[in-house]
Amino acid sequence: MEEKLLFELDSVYRDNMRIKGFSFGKGEKSVCIVGATRGNEVQQVYICSQLIKIFRYLEKQGKIKENKSIMVVPTVNSYSMNIAKRFWSTDNTDINRMFPGYNLGETTQRIAAGVFENVNDYEYGIQFTSFYMQGSFIPHVRMMKTGFENVELAKDFGLPYVFRREARPYDTTTLNYNWQLWETKAFSLYTNATDTIDVASAREAINAVLSFLNKNEIIEYRCHQGYVSQFIEGHTLVNVKSNVSGIFIRYKDVNSRVKKGDILAEIIDPYTGMPVDTVKSPVNGIVFFHADQPVIYSQAPLYRIIPTDDLY
Amino acid sequence: MIQTIASVGLPIDETLMINKNRLIPQSGLNGNEKRISIVTGTHGDELEGQYVCFELQRRIKENYSSLKGIVDVYPALNPLGIDSITRGIPAFDLDMNRIFPGSENGSMPEYIASKIIGDLSGSDVVIDIHASNIFLKEIPQVRINELSRDVLVPYAKLINVDYIWIHSSATVLESTLAYSLNSIGTPTLVVEMGVGMRITKNYGDQLVDGIFTLMKELGIWSGETVTPKTPIISEDGEVSFINAGSSGVFLPSVEHWKNVKKGDCIGKILNPLTGEVNETIFSQTDGIVFTLREYPIVSEGSLIARILA
Ligand SMILES: [Zn+2]
């Protein structure tokens, strides 16, 4: 294992911020794994720390293939995590909206540039990231339609789903998008925790990465090969929302199979306790995402369902 | 007439409302009037536009018979942000100016964004007033995406600002309010002036003078107006950026909107722990300082000044 200082930010009031990469194996830059870009992504840091532990062991055992190297960057934003903020400590900008960065620009542009110049020439790029809304997903590989994305390769992670959606203007400054522009095959992995550590879900993500690296001949590692991933396009999911606000009592978890008309949630009046809305599934399907805030706004997206033809 | 253009129920006994006030001629409408829309408060920490909204209406009401068209005033596109001193949309931590044109079926911010676009579209001109942020002070200026320069520069010249900055287009900016409106044929000027969390009254007065000049040109106003300032017009290549090379406390040694010469000291970055000067910052060019750091604490990369050559 080699520990590398990728970028250091000086500070007058705090210890310097150090962004570190941990690399394993020698030769060809095969895969780079990036964890937290935001201060609340603790699950992402945990997953990377476990991967570092495993790669260290595999390296000693000689199980990283010849002429292959792996780098893990657990976090690019320790400053925000250390003060319990999601975005950048001073100006609240999002480092994952600053790529490819600019080394003469603003602080977070410089951080992004410092990171990107160290991670942009790998064959594969894997990012653990989180969604802007509070909620849980079925673990999946998420991709944007950029023209460079490779759905078949994404299935090598063996996660239940490979999810693709249209790229929007603000996506063009994410790490994933810029990796793809620089011809790295990039994947974002979503698990169902961010602010908390969910060991079972982390294990699934770790297994997915190891299985992917094994299938692509970067490491030698026997493990569960995962599932036959199902490919879904974002626009085919059915969104379920409530027209009223209130206390959100949720009845279904991710991965639940639901039938048309099943009760997914109730919205309760916060003063009287009376149900003001019963949220029902408009289709047969599988719960892909659910919100998990205790109280909700009207119009808030509560569930996303993968429609199925289930007859029983 | 106050109208609510979008509303969303909040969890406990509160409704979020995006309100506008519509002023129309005393004689009523004949259907052929031009319409100008003044919008502000997308970023909850930018308050310069609040005074403009007030002062514009105060002057119209003082001379109501000169109003010949429709004036729509939207003081708070992000009212929860303004009320809670939050730049983005509270609870979502989302920059509202990165979600346009929004979507009717999306989450609360996207839903509101789509309602705002729907209501503003069809205006003859929209003026979207921003106030930099808490970190930087800006001279009254209009920023124009090069894609819409032909349409917008003539309007921008009327509104009595000091400076028009024509910048290159970037994909990420396609989700701003102004881009969305300009792309559907509703001409929208972005004004930047002053500094976040403060009101600079003379800048507000200057812009209100200019809005009346533009309204007169559009046939919305028949009263007296000023002759607008002739703004400096520039493109990206003429703007030089100065960023901090180290962290500490920035103390400027130049004044905002004053000329500097190449080699002049712009300011110093001080270290309060050691008593040392961490960095002395010099201008790389002759020019005028149109953006100047206002917030003293800086880290490596913080923008210190922009200078127009
Ligand atoms: Zn703004």
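Below, chain A is the first sequence line, B the second, and so on; all start at residue 1.
Looking at heavy atoms from C-beta onward, Asp171(A) lies out of side-chain contact with Val172(B) at the 4.5 angstrom threshold. Taking the side chain as every heavy atom from C-beta outward, Tyr79(A) and Ser299(B) never approach each other to under 4.5 Å. Between Tyr170(A) and Asp95(B) there is no side-chain heavy-atom pair separated by less than 4.5 Å.
Using a 4.5 Å cut-off between heavy atoms, Leu273(B) makes no contact with chain A at all. Neither the backbone nor the side chain of Ala170(B) comes within contact range of chain A, judged by heavy atoms closer than 4.5 Å. Contact of Ser246(B) with chain A is not made at all, since no heavy-atom distance falls under 4.5 Å. Residue Glu14(B) does not touch chain A at all, counting heavy-atom pairs closer than 4.5 Å. Proximity to chain A (any heavy atom under 4.5 Å) is restricted, for Val249(B), to the side chain, taken from C-beta onward. Looking at Leu173(B), neither its backbone nor its side chain comes within 4.5 Å of chain A, counting heavy atoms on both sides. With a 4.5 Å cut-off on non-hydrogen atoms, Tyr13(A) touches chain B through its side chain but not through its backbone. In this structure, chain A has a heavy atom under 4.5 Å from the side chain of Leu94(B), while its backbone stays farther away. Contact of Tyr102(A) with chain B is not made at all, since no heavy-atom distance falls under 4.5 Å.
Using modelled atom types, one finds no donor on one side chain facing an acceptor on the other under 3.5 Å when comparing Asn133(B) with Asp91(A).
No other option in Asp94(A), Thr90(A), Leu104(A), Ile267(A) has as many heavy-atom pairs under 4.5 Å with chain B as Leu104(A). Per-residue counts of heavy-atom pairs under 4.5 Å with chain B were compared for Gln109(A), Arg110(A), Gln134(A); the largest is that of Arg110(A). Between chain B and the options Pro294(A), Ser245(A), Gly246(A), the largest number of non-hydrogen pairs under 4.5 Å is found for Ser245(A). Between chain B and the residues Ile296(A), Asn103(A), Asp10(A), the most heavy-atom pairs under 4.5 angstrom are made by Ile296(A).
Glu174(B) CD to Arg168(A) CZ: the interatomic distance, rounded to the nearest 0.5 Å, is 13.5 Å. The distance from the OG atom of Ser247(B) to the CG atom of Asn16(A) is 8.0 Å, given to the nearest 0.5 Å. Taken from OG in Ser302(B) to CD in Glu106(A), the straight-line distance is 6.0 Å, to the nearest 0.5 Å.
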After noting the C-alpha distance and the side-chain angles of Lys241(A) and Glu110(B), does the key distance pass the salt bridge (charged side-chain N to carboxylate O under 4.0 Å, His left out) rule?
CA-CA 14 Å; Lys241(A) 51 204 305 195; Glu110(B) 293 174 302; over 6 Å; no

Report the C-alpha separation of Asn278(B) and Val12(A) in whole Å, then their side-chain angles, then the decisive distance to 0.1 Å, and conclude whether the side chain to side chain contact (heavy atoms under 4.5 Å, CB included) test is met.
CA-CA 10 Å; Asn278(B) 283 352; Val12(A) 163; 3.7 Å; yes

From CA spacing to verdict: side-chain hydrogen bond (donor to acceptor under 3.5 Å, both in side chains), Asn92(A), Asp93(B):
CA-CA 9 Å; Asn92(A) 211 41; Asp93(B) 220 349; 3.2 Å; yes

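Partners of Arg198(B) by side-chain hydrogen bond (donor to acceptor under 3.5 Å, both in side chains), not counting sequence neighbours: none found.
At most 12 non-hydrogen atoms from other residues, nucleotides or ligands lie less than 6.0 angstrom from CD1 of Ile85(B). Atom NZ of Lys268(B) sits in a sparse spot, with 12 or fewer heavy atoms from other residues, nucleotides or ligands closer than 6.0 Å. By the 6.0 Å contact criterion, CD on Glu183(A) is open, its count of non-hydrogen atoms from other residues, nucleotides or ligands being 12 or less.
The ring pair (Phe, Tyr, Trp, His ring centres under 6.0 Å) contacts involving residues 82-115 of chain B comprise Tyr297(A)-Phe92(B), where partners must be two or more places apart or lie in separate chains.
Between the Ser107(B) side chain and the Ala300(A) main chain, no donor and acceptor come within less than 3.5 Å of each other.
Taking every heavy atom of both residues into account, Pro169(A) and Ser175(B) meet most closely at CB-OG, 3.8 Å. When every heavy atom of Pro270(A) is checked against every heavy atom of Pro11(B), the shortest pair comes out as CG-O, 3.3 Å.
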